[in-house]
Number of protein chains: 2
Amino acid sequence: MAERSEWAQLREQRMAEPGAHEAYQAARLAFELGRAVRQLRQQRGWSQTELAHAAGMTQSAVARFEAGGTVPTLPVLDRLADALDADLIVRVTPRSHIA
Amino acid sequence: MAERSEWAQLREQRMAEPGAHEAYQAARLAFELGRAVRQLRQQRGWSQTELAHAAGMTQSAVARFEAGGTVPTLPVLDRLADALDADLIVRVTPRSHIA
DNA sequence: GCATGCTATAGCGTTGCTGCTATGGCTTGG
DNA sequence: CCAAGCCATAGCAGCAACGCTATAGCATGC
């Protein structure tokens, strides 16, 4: 874990900055979504290449996304979810309990 | 309703195209999210300008988003939700029931 | 009439995600 | 050893969302 990818380091720097609460949350979201998708994919025994094809993208895009390389856009998330026979749920709900 | 904005027409065209299932879903999501945010904002009795300021953006950005003008990105949604004291929930869950 | 406040659009520069190809490392099987 | 498959990155073009200013429409109040 000594050396990391370019964007992984950049993202980490961002998250460490003082007034970066928003960007931090976004990066965190990207990370967790990536993990969720990876989990679903592996549960189905699919390779990144297979998922990529099913979702209309390339293996590199899947890899980048799963690693949290970028904050994905909703269209992409939707296609991935669809390929995985999953539902994409996006909601803005009044805060019930403070994090 | 005879004349519409540029992007409203563009988006409608996209949604009408034959093989545009994915883009259609994205546009739909944008629309519903916009409505949800607008509702929350109005519940608080805020103007677009006030919300914009609280979320670190301008009134025009809020208006464009609420009208479904663009498919919002997760960072923006997060900031809006935060300004509205709301939680942004994004999840990819295995399909429980077919739509 | 005029001023004020709220919302909707237009136009434009900037940023960042997407989509792609190509490559390298790693493991497994022949 | 070599081939094949999987995953991670780099580098680049293209494009859509963002962020902004300015403006117009439409009410309301003076």
Side-chain angles (χ1 to χ4, degrees), chain A residues 1-14 20 22-23 26-27 29-31 33-35 37-39 41-42 44-80 83 90, chain B residues 1-15 20 22-23 25-27 29-31 33-35 37-39 41-42 44-80 83 90:
Chain A
M1 291 280 282
E3 278 301 335
R4 314 275 276 297
S5 64
E6 291 287 326
W7 35 266
Q9 294 186 36
L10 285 176
R11 218 156 263 293
E12 191 145 318
Q13 281 181 17
R14 279 196 193 174
E22 328 87 13
L29 236 174
F31 216 80
L33 282 173
R35 281 203 328 192
V37 165
R38 166 165 296 184
Q39 207 169 9
R41 176 177 64 80
Q42 289 178 338
R44 302 191 165 253
W46 287 5
S47 67
Q48 287 181 343
T49 308
E50 287 170 312
L51 173 58
H53 185 259
M57 47 206 290
T58 55
Q59 176 263 329
S60 70
V62 174
R64 178 171 48 191
F65 163 61
E66 283 189 357
T70 60
V71 178
T73 58
L74 293 182
V76 169
L77 271 181
D78 196 59
R79 277 189 294 160
L80 281 172
V90 183
Chain B
M1 291 280 281
E3 280 300 336
R4 314 274 278 297
S5 65
E6 291 286 326
W7 37 265
Q9 294 186 36
L10 285 176
R11 216 156 264 292
E12 190 144 321
Q13 282 180 17
R14 280 197 191 173
M15 286 166 48
E22 327 88 12
Q25 290 294 347
L29 237 175
F31 217 80
L33 282 174
R35 281 205 326 195
V37 165
R38 166 165 297 183
Q39 207 169 9
R41 176 177 63 82
Q42 289 178 337
R44 301 189 166 256
W46 286 6
S47 68
Q48 289 181 344
T49 307
E50 287 170 311
L51 173 58
H53 185 259
M57 48 206 290
T58 55
Q59 176 263 329
S60 68
V62 174
R64 179 170 48 190
F65 163 61
E66 283 189 357
T70 61
V71 177
T73 59
L74 294 182
V76 170
L77 272 181
D78 196 59
R79 276 189 295 162
L80 281 172
V90 183

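Residue numbering restarts at 1 for every chain, and letters A, B, ... go by the order of the sequence lines. Quick caveat, the model's predicted, so the values are computed rather than measured.
For the pair Arg35(A)/Arg38(A), no side-chain contact is recorded, criterion being any heavy-atom separation below 4.5 Å from C-beta on. Side-chain contact between Leu77(B) and Val90(B) is absent, with no heavy atoms from C-beta onward closer than 4.5 Å. In this structure, the side chains of Met57(A) and Leu80(A) come closer than 4.5 Å at one or more pairs of heavy atoms.
For the pair Thr73(A) and dA17(D), the criterion of a side-chain N or O lying under 4.0 Å from OP1 or OP2 is not met.
When rounded to the nearest whole Å, the span between CZ of Arg38(B) and C1' of dC6(C) equals 11 Å. In this structure, Leu74(B) places its CG atom 18 Å from P of dA16(D), rounding to the nearest Å. Atom NE2 of His53(B) and atom P of dG19(D) are 14 Å apart (whole Å). Rounded to a whole Å, the CZ atom of Phe65(A) is 17 Å from the P atom of dC20(C). The nearest whole Å value for the distance from the CG atom in Asp78(A) to the C1' atom in dC17(C) is 16 Å.
Among residues two or more places apart in sequence or in another chain, the salt bridge (charged side-chain N to carboxylate O under 4.0 Å, His left out) test is passed with Arg64(B) by none. With sequence neighbours left out, Thr73(A) forms a side-chain contact (heavy atoms from CB on, under 4.5 Å) with Pro75(A), Val76(A). The side-chain contact (heavy atoms from CB on, under 4.5 Å) check on Glu50(A) picks up Trp46(A), Ser47(A), with sequence neighbours excluded. Partners of Gln59(A) according to the side-chain contact (heavy atoms from CB on, under 4.5 Å) rule, which considers only residues two or more places apart in sequence or in another chain, are Gln48(A), Thr49(A), Ala63(A).
Within 4.0 Å (heavy atoms only), Val62(B) reaches no atom of the nucleic acid at all. Here Val71(B) lies in heavy-atom contact (under 4.0 Å) with sugar-phosphate atoms only.
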With the criterion being N/O to N/O and under 3.5 Å, what pairs connect the protein with nucleotides 21-30 of chain C, and how long is each?
unit_1, atom_1, unit_2, atom_2, d
dT21(C), O4, Ser60(A), OG, 3.0

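The side-chain contact (heavy atoms from CB on, under 4.5 Å) test with Leu51(A) is passed by exactly one of Arg41(A), Arg44(A), Gln42(A): Arg41(A).
In the region residues 44-52 of chain A, proximity to DNA chain C at under 4.0 angstrom, judged on heavy atoms, holds for none of the residues.
Under a cut-off of 6.0 angstrom, the local environment of CD in Gln39(B) is sparse, with at most 12 non-hydrogen atoms contributed by other residues, nucleotides or ligands.
The side chain of Met57(B) lies closest to dG19(D), out of dA8(D), dG19(D), dC17(C). Listed nucleotides: dC17(C), dG19(C), dC18(D). Nearest to the side chain of Arg79(B): dC18(D). When each of dC18(D), dT18(C), dT9(C) is scored by its nearest atom to the side-chain atoms of Arg64(A), the top-ranked nucleotide is dT18(C).
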